[in-house]
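Everything numeric here is computed off the predicted structure, so don't read it as measured data. Computed from heavy atoms alone, side chains included, the values below leave out hydrogens, waters and symmetry copies. The sequence lines fix the lettering, A, B, ..., with proteins before strands; numbering per chain opens at 1.
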Amino acid sequence: MSSHRVGIVTFPGSLDDQDAARAVRIAGSEPVHLWHADTDLRHVDAVILPGGFSYGDYLRCGAIARFAPVMESIVDRAHTGLPVLGICNGFQILCEAGLLPGALTRNDHLHFICRDQSLRIESTSTVWTSDFNQGQEIIIPLKNGEGGYIADEATLDELENSGRIVARYVGTNPNGSRRDIAGIANPAGNVVGLMPHPEHAVENMFGPGTDGLAFFTSILRTFSRA
Amino acid sequence: MTLDTVASATNSPELPQPFAELGLRPEEFQQIRDILGRRPTSSELAMYSVMWSEHCSYKSSKVHLRQFGDKQPDGGWPQLMVGIGENAGVVDIGDGWAVTFKVESHNHPSYVEPYQGAATGVGGIVRDILSMGARPLAVMDPLRFGAAEAPDTQRVLPGIVAGIGGYGNCLGLPNIGGEVFFDPSYAGNPLVNALCVGAMRHEDLHLASAKGVGNLVVLYGARTGGDGIGGVSVLASETFDADGPAKRPSVQVGDPFMEKLLIECTLEVLAAGLVEGIQDLGGAGISCATSELASNGEGGMHVWLDRVLLRDPTLSPEEILMSESQERMCAVVQPDDIDAFQQICAKWEVEAVVIGEVTDTGRLTIDWHDQRIVDVPPRTVAHDGPVYHRPMSRPANLDALQADSADRLARPETVEELRATLLAMVATPNLASKSWITDQFDRYVLGNTVMSQPEDAGMVRIDEVSGLGVAISTDCNARFAYLDPYEGARLALAESYRNVAISGARPIAVTNCLNFGSPEDPEVMWTFAETVRGLADGCLELSIPVTGGNVSFYNSTADTAILPTPVVGVLGVIDDVARRTPMAWGPDGELIYLLGGTGPDFDGSEWARTMHGHLGGHPSRANLDQEKLLGEIAIAASRDGMVTAAHDVSDGGVAQALVEMALRADVGARVWAPDGIEAATLLWSETPGRAIMVIPRTEEMRFSQMCAARGMPAARIGVVDSGLGSDEGFDDQVLQFAGLFTIALSELRLAHEATLPRLFGSSLS
């Protein structure tokens, strides 16, 4: 059993927290449950903000979760290199918390959509994508109502030019995301936000395959370097 | 308004009371007076009126539903842990696991306010499952709408779909299937049924009973507001007429976030052993929860109604008793455990307040600021309501209807006709792809979904170590039920059973949602009685018990009743979900078998409706021995690795099944008609008891020998072939109907998938 500890935050309304824990376990790390109201990160080596509807997301998605006590600790540690992956609602929270630029808005067709989505991995230089090949195409589930990524042109250009677009939608853009963006990283590459759900593609039969697993194995390299 | 207390009721015996407005008949009102030996207080009247409504009391259906309990094998049902009467039935699936599941209707609220009506339908059924002590695992939604092009369908369908998604997605339960069916009879009265399945360890089973004198009654969850007041008795028990929209405020408003907290909080207090009895609050709210808990337990309870936390402080006690505010639960807790219970609620930010205690007085007493406003025997409220033997008569038009067989309709014969019929059929709203709807539902959350729409059954894993799982299907061909209610019920059961068995799971239990018109119409009542008789007989024949369900009457607009719609849900268990049989066929060379005999059965078929606008004749009888055999073969083939794909043959016949399998796999095939069967009959007849099974070449001998030995007709009708298209000059996979025509999968896909986006707005991207 690996001694690497990956924390998964449960906010009220988190839904994919058990799934993220399962993915971490299958990838060979130890999942550690973190509670939104605690500031203690329990000596974890990385953190995942899972999908769901934190606090019901009746306000802007993630707008309340960013004020949770646990987020103070995560923001502090993220600035000093703690690997953080935000999936779906977690991505929205990372944007609200200022760890990633831009915002996620209502899908352009105004419907929630759940489907198996093709992505292209655009950057393997983040701690969460190092096990992929540059340009690799993968299929993992997408399920959200507010997944349209937006930012101003300057920010989009900067993301593009600095290689911080982590993944793009391939084929039909499912939600109106600017420049087909499915995921982005911070400049250091330790914080990644991703709209689709890699944790739902880690076991055959329980999703469209196992393409998502590499997100969770990638961080093992970071741990072994540390 | 002055408070109407027990004392004032005694002192003013002849005060006029609005019992009729509350839906009670004069003789029912008199019955209440007889029970109490005085007139009821206004609060008591509120309680009796909601609890004695058709929706809560089953007063018209009870005498028939008894058959589900009475018709059982010698020695009873070994797998049944909790039967009809509790919030949901519970079955033993082995390895110490138990599963509970149930389907319920939310038809009338969904017509009035599609989004909230459908949303709270999901919320209500999930709480039923939770209140048995189970973790909810998945939901399904059998839906029925008026004609797809009708303006009212355009109004209600998008809202209902958004409501189911908005609630279920936010709640974190995968939506793994259901049905979507269009028929003009549902115009102005859509059917929104909701099913939930949950699992628990045997020892975690809880029941709705208030045991232990002195134990505390805790109301927790959302605050009580003015929503849904009178919803049960007003909305579910009166037919819609011109003043429908005026009832909008009666529809409850859902908060899925609160429901998610309620689930986690409830499972934590249950796991901590802090709960003696538990009940969800659904229809009839506090009236129902307190009277049922008391009636099932020590028989007495005292409630301080002014302690209930309110969203609207101006609510009267009568309104508080009747409110159907969502996301509330009621638990019976020992006094020593109440602090621990409150702490867990606080952790989940769920409000909880002690509103009463269990007594042995045999009375349910309720005080409002120290004044007694209710003093009743709880059993008379919860369980001993009126029971009616409604008059019944066989529909006058049934003979004429049955005599009008589809046999007289012209069937396609030429290649051009056959090809055009194929394209028209796969695109007709009832057979078209439903992914525009189901792609708005999260099917992946919780990470245990093995199969979901458009597969024959939804399947989820329960035990991550062993792979133990369950499969569920809901089905009802309402046209068959209209032409022959007895057979229609058995056919619905047969189809649901078949869908589960074909997925590789062993059917073990049945739930049902019986949607009908007015029970006061003798023809509707006869149809209902025949349906129940058919379903109860069928369950006995198949050796699977009905574990619970729901009756929804008064589904009609003006004088027109809906098609009788007995939705049947069958639950099956599979030892290892890795052995499940999907519908997408595999690689080249696999052999396509049709199991079961095919006759020219077009009465009540989708072909007759779509191509000729015809509904008449007599559906084929369900041969349940044959269904059982088909199920055994499908399960054995799955277990022994003899089958790679399978699909039920029902609506739209073999043609529809083949197209769906090919599109799902995106791999073509060549198919042919067995000797002696004309093409149209093979393609669109709806003879029951059939399935397509796809067999690897290496298993063909073993498989066909098994079918022959067991007397199951099995005809090889095709072979999977991905190379046919290029051989024939297509730049795509094709389905080739030997000797007739060849059609590209892309053309079929376009026809199949374009219908719903065209009807209901933009595509999902």
### Query
Between B:Leu171 and chain A, which part of the residue has a heavy atom less than 4.5 Å away: side chain, backbone, both or neither?
backbone
### Task
For a side chain to side chain contact (heavy atoms under 4.5 Å, CB included) with A:Leu34, tell me which candidate from A:Ile8, A:Thr10, A:Asp17, A:Leu41 qualifies.
A:Leu41
## Note on the structure
If one checks every heavy atom of B:Glu264 against chain A at 4.5 Å, the contacting part turns out to be neither
### Message
Applying side chain to side chain contact (heavy atoms under 4.5 Å, CB included), can you list everything that pairs with B:Arg223, at least two apart in sequence or on another chain?
### Response
B:Leu309, B:Arg311, B:Glu351
### Message
Tell me whether the rings of A:His197 and A:His200 are parallel (<30°), tilted (30 to 60°) or perpendicular (>60°).
### Response
tilted
### Query
What part of A:Pro208 is in contact with chain B, defined as an atom under 4.5 angstrom from a non-hydrogen atom: side chain, backbone, both or neither?
both
### Query
B:Phe257 vs A:Tyr55 aromatic rings, parallel, tilted or perpendicular, using cut-offs 30° and 60°?
tilted
### Query
Which of residues 574-581 of chain B have a heavy atom under 4.5 Å from any heavy atom of chain A?
B:Val577, B:Ala578, B:Arg580
## Note on the structure
Per-residue tally against chain B (heavy atom, under 4.5 Å) across A:Gly13, A:Gly52, A:Gly145, A:Pro141 peaks at A:Pro141
### Message
With a 4.5 angstrom heavy-atom cut-off, is it the side chain or the backbone of A:Glu199 that approaches chain B, or both, or neither?
### Response
neither
#### Entry: Quiz item: cation-pi between B:Arg461 and A:Phe206, 6.0 Å / 45°
yes
Using residues 83-95 of chain A as the side-chain source, report each donor-acceptor pair under 3.5 Å to any protein atom, sequence neighbours left out, with the distance given to one decimal.
unit_1	atom_1	unit_2	atom_2	d
A:Asn89	OD1	A:Ser54	N	3.0
A:Asn89	OD1	A:Ser54	OG	2.9
A:Asn89	ND2	A:Asp57	OD2	3.0
A:Asn89	ND2	A:Gln92	OE1	2.8
A:Gln92	NE2	A:Glu146	O	2.8

### Query
Checking B:Lys260 against B:Trp348: charged group under 6.0 Å from the ring centre and within 45 degrees of the axis?
no
### Task
Under 4.5 Å heavy-atom distance to chain A, tell me which part of B:Phe441 shows up: side chain, backbone, both or neither.
backbone
#### Entry: side chain to side chain contact (heavy atoms under 4.5 Å, CB included) involving A:Glu122 - partner list, sequence neighbours excluded
A:Arg120, A:Ile165, A:Arg168
#### Entry: Donor + acceptor pair across side chains of A:Tyr169, A:Asn175 (<3.5 Å)
yes
